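Here the structure comes first, spelled out in structure tokens, and everything after it is commentary.
These numbers come from a predicted model, not from an experiment. A, B, ... follow the sequence lines: proteins, then strands. Residue 1 opens every chain.
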Amino acid sequence: GQQVQQSPASLVLQEGENAELQCNFSSTATQLQWFYQSPGGSLVSLLSNPSGTKHTGRLTSTTVTKERRSSLHISSSQTTDSGTYLCAIVPGTGSNRLTFGKGTKFSLIP
Amino acid sequence: ETAVFQTPNYHVTQVGNEVSFNCKQTLGHDTMYWYKQDSKKLLKIMFSYNNKQLIVNETVPRRFSPQSSDKAHLNLRIKSVEPEDSAVYLCASSRDNSGNTLYFGEGSRLIVV
């Protein structure tokens, strides 16, 4: 089954609202990253957060390792935040490869 | 600022042809990767290359082969493309292979007709 599951699959909000994206994973994770993929397809790393809470700009990620879940909070969302948000883990199985979820497609209504 | 460069960004070809995608990183990283993103947007690793050690995902068909001249370059060759190879291929690099942050190129979209 899918090692990394993200929810919701898609999210539509009005500009200015806060967004909460979820990532659940079925194995232990030695590394967890959140990525943003623009509508044009380019992928950038947002946060690396294997445990605890991290902030960068309007983004906050909280990872609870023992519960195998992570969230990404986007505050005061802007139209430029539209795109797909991907969660990826390095499973604690001896592999060093990132395993990705299917992503949350995030759209903003002006 | 892009530091992982892929070419071409878009390629249309016929079944059976050979295709190559090039990737260069200017970050001084030791490890490079190729990922395939299918129509469902799922990213799956194909290869990782670190210090001349190639790690292959066993699900990758043998018509795919990585080619590296040095640690800053990792190209992807597809010997005889099939329709199911239509996808976006993403190159990435990381400082080493211990699970550091990945930096991605902008992707190479392949359409096989």
Side-chain angles (χ1 to χ4, degrees), chain A residues 1-11 21 23 25 27-51 54 56 59 61 63 65 83-107, chain B residues 1-6 8-11 21 23 25 27 29-51 53-60 87-111:
Chain A
Q2 186 73 18
Q3 274 192 298
V4 181
Q5 294 184 321
Q6 292 187 243
S7 60
S10 64
L11 180 64
L21 284 57
C23 176
F25 37 98
S27 65
T28 56
T30 58
Q31 185 59 259
L32 185 142
Q33 293 182 28
W34 283 95
F35 292 85
Y36 167 75
Q37 187 169 33
S38 67
S42 60
L43 204 67
V44 295
S45 179
L46 296 172
L47 283 164
S48 178
N49 187 27
S51 66
K54 277 196 175 179
T56 180
L59 302 176
S61 172
T63 300
T65 313
T84 300
Y85 291 79
L86 293 153
C87 173
I89 65 165
V90 173
T93 56
S95 166
N96 62 354
R97 302 174 193 172
L98 274 178
T99 301
F100 285 80
K102 291 186 179 181
T104 294
K105 188 172 182 181
F106 184 41
S107 303
Chain B
E1 186 179 347
T2 304
V4 181
F5 304 94
Q6 292 184 234
N9 293 123
Y10 187 84
H11 189 73
F21 295 116
C23 181
Q25 55 95 1
L27 295 164
H29 286 169
D30 285 339
T31 307
M32 294 184 72
Y33 311 81
W34 276 102
Y35 282 83
K36 179 181 179 182
Q37 188 174 35
D38 60 24
S39 57
K40 297 178 182 176
K41 300 294 185 182
L42 196 61
L43 272 147
K44 290 184 180 176
I45 191 164
M46 301 179 72
F47 305 100
S48 68
Y49 201 79
N50 178 69
N51 285 335
Q53 182 189 18
L54 176 67
I55 301 172
V56 182
N57 184 332
E58 58 274 8
T59 65
V60 174
V88 176
Y89 293 88
L90 288 151
C91 176
S93 73
S94 64
R95 192 175 67 210
D96 54 39
N97 63 348
S98 60
N100 298 119
T101 300
L102 261 64
Y103 296 83
F104 282 85
E106 294 193 343
S108 299
R109 181 177 291 279
L110 174 65
I111 296 177

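- Expressed to the nearest 0.5 Å, how far CG of A/Leu11 lies from NZ of A/Lys105 amounts to 12.5 Å.
- Between B/Phe104 and B/Tyr35, the ring-plane angle classifies as tilted under the 30° and 60° cut-offs.
- Classification of the B/His11-B/Phe21 ring pair by plane angle, with boundaries at 30° and 60°, yields perpendicular.
- Neither the backbone nor the side chain of B/Gln6 has a heavy atom closer than 4.5 Å to any heavy atom of chain A.
- The part of A/Leu86 that comes within reach of chain B is its side chain, from C-beta onward, which places non-hydrogen atoms under 4.5 angstrom from that chain.
- When the candidates B/Lys44, B/Arg109, B/Gln37 are compared by the number of heavy-atom contacts under 4.5 Å with chain A, B/Gln37 comes out ahead.
- Between B/Tyr103 and B/His29, the ring planes are tilted. Angles from 30° to 60° get that label.
- Only the side chain of B/Ile45 comes within less than 4.5 Å of a heavy atom of chain A; its backbone N, CA, C and O stay farther away.
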